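Please read the structure below before turning to the comments.
Note that the structure is a prediction, hence the values are computed from the model and not measured. Labels below follow one simple rule: chain letters A, B, ... track the order of the sequence lines, proteins then strands, and each chain is numbered from 1.
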2 protein chains.
Amino acid sequence: MSDKVSIVFAALADPTRRTILSMLLEDDMAVTDVAHPFQMSLAAISKHLGILATAGLITQEKRGRVKWCKLEPDALREASIWMQGFGQFDRIDLDAFERFLETELSPPADHTP
Amino acid sequence: MSDKVSIVFAALADPTRRTILSMLLEDDMAVTDVAHPFQMSLAAISKHLGILATAGLITQEKRGRVKWCKLEPDALREASIWMQGFGQFDRIDLDAFERFLETELSPPADHTP
DNA sequence: GGCATATTCAACCATTTGGTTGACGGTTTG
DNA sequence: CAAACCGTCAACCAAATGGTTGAATATGCC
């Protein structure tokens with residue numbers, strides 16, 4: 001599961017991590033403060049933050065003994081593009097897109113209904 | 001991890017499943033035809049399709065001995081709304097979407113995990 | 001009826017995931 | 001210096017994930 005989009009979606013698939021991202025929408029936070037509202041251990045939150053950082057969804061910068069977590073919404077861009085292409089494809093030029101698929105891409109197996 | 005958005009994101013976190021969704025953009029497909037481009041077993045693809053169906057991303061209808069798979073893009077709406085809460089991605093970048101599908105779709109063997 | 005096709009089920013396996021606890025290394029403060 | 005604080009590391013655990021194989025269940029065709 002090494003491609004970038006997979007890593008981002010996997011990071012978003014956990015409600016704890018999505019909540020953390022929502023918290024960071026308001027402001028940068030220290031690891032301890034991120035962990036405070038949750039019932040789980042600090043180490044568990046630290047792992048979640050590591051996963052979010054690996055996905056590029058946050059960056060972490062240590063100042064003094066405090067490590068600050070900052071939301072990086074640009075990391076959502078590719079995944080968001082992927083989703084919107086599907087989720088709202090009736091609002092874009094689907095015919096043109098299907099022509100593109102037929103001409104530019106190698107077609108998968110034949111599947112006449 | 002039982003909430004709906006988590007299940008959708010988890011379903012999208014696998015490149016095989018995203019490729020299947022891309023294939024279904026073009027047309028409904030039978031399970032066997034979905035499986036054909038992949039190097040894994042039919043049973044594995046059947047499981048992936050089950051996960052996509054559980055997430056609501058596809059529906060499956062059996063006609064005769066063939067089970068047809070149909071894309072259900074509406075299932076992406078909640079997850080997409082969640083992402084848009086992070087702003088700046090409210091416009092569809094179709095060119096970027098097409099480039100994405102191209103890298104994800106061709107050649108099919110490249111994204112078998 | 002009998003055989004081929006389409007798909008799933010069941011059991012199994014290796015790896016990953018999400019959590020815990022306790023020890024540990026930096027950093028600040030008294 | 002010593003004590004308190006911030007955060008991670010290491011080892012462990014249960015459960016989930018993604019894959020395999022072989023048997024089983026439907027359905028269609030001759």
Practice problem: Round to a whole Å and report the spacing from CD of Q60(A) to P of dG7(D). | Solution: 9 Å

Practice problem: Would you classify R17(B) as touching base, sugar-phosphate or nothing, given that sugar-phosphate means primed atoms plus P, OP1 and OP2, and contacts are heavy atoms under 4.0 Å? | Solution: sugar-phosphate

Quiz item: If you round to the nearest 0.5 Å, how far is NE2 of H36(B) from CE of M29(B)?
Solution: 10.0 Å

Self-check item: Closest to the A43(A) side chain, choosing from dG7(D), dT8(D), dT7(C)
Solution: dT8(D)

Quiz prompt | 5' priority, DNA chain C, between R65(B) and Q39(A) [closest heavy atom] | solution = R65(B)

Quiz item: Is the distance from OP1 or OP2 of dT8(C) to the nearest side-chain N or O of K67(B) less than 4.0 Å?
Solution: yes

Practice problem: Indicate, with a heavy-atom threshold strictly under 4.0 Å, whether I51(A) touches base, sugar-phosphate, or nothing. | Solution: sugar-phosphate

Quiz item: Within the pair H48(B) and dG19(D), is there a side-chain N or O less than 4.0 Å away from OP1 or OP2?
Solution: yes

Quiz prompt | Side chain of K62(A) (C-beta onward), nearest among dA11(C), dG26(C), dT8(D) | solution = dG26(C)

Self-check item: S41(B) vs dT20(D): side-chain N/O to OP1/OP2 distance below 4.0 Å
Solution: yes

Practice problem: To the nearest Å, give me how far apart CE (M40(A)) and P (dA14(D)) are. | Solution: 19 Å

Self-check item: Separation of dT17(D) P from F9(A) CZ (nearest whole Å)
Solution: 17 Å

Practice problem: To the nearest Å, give me how far apart CG (L42(A)) and C1' (dG18(C)) are. | Solution: 15 Å

Quiz item: Nearest-Å distance, CD (E61(B)) to P (dT8(C))?
Solution: 14 Å

Self-check item: Value in whole Å for how far the C1' atom of dG18(C) lies from CG of L49(A)
Solution: 14 Å

Quiz item: OP1, OP2 of dT8(C) versus side-chain N and O of S46(B): anything below 4.0 Å?
Solution: yes

Practice problem: Take V31(B) and V66(B), measure what side chain to side chain contact (heavy atoms under 4.5 Å, CB included) needs, and give me the verdict at the end. | Solution: CA-CA 8 Å; V31(B) 172; V66(B) 175; over 6 Å; no

Quiz item: Which of these nucleotides, dG19(D), dG18(C), dA6(C), is closest to any side-chain atom of V66(B)?
Solution: dA6(C)

Quiz item: Of the non-hydrogen atoms in S6(A) and R18(B), which two are nearest, and what is the gap between them?
Solution: OG-NH1, 3.0 Å

Quiz item: Rounded to the nearest 0.5 Å, what separation is found between the CG atom of L57(B) and the CD1 atom of I20(B)?
Solution: 11.0 Å

Quiz prompt | Closest to the D14(B) side chain, choosing from dT8(D), dT7(C), dG18(D) | solution = dG18(D)

Self-check item: Spacing of I45(B) atom CD1 relative to dT20(D) atom P, expressed in whole Å
Solution: 9 Å

Quiz item: Can you tell me how far C1' of dT8(C) sits from NZ of K47(B), to the nearest Å?
Solution: 11 Å

Self-check item: Which atom of I58(A) lies closest to which atom of E72(A), heavy atoms considered
Solution: C-CG, 3.8 Å

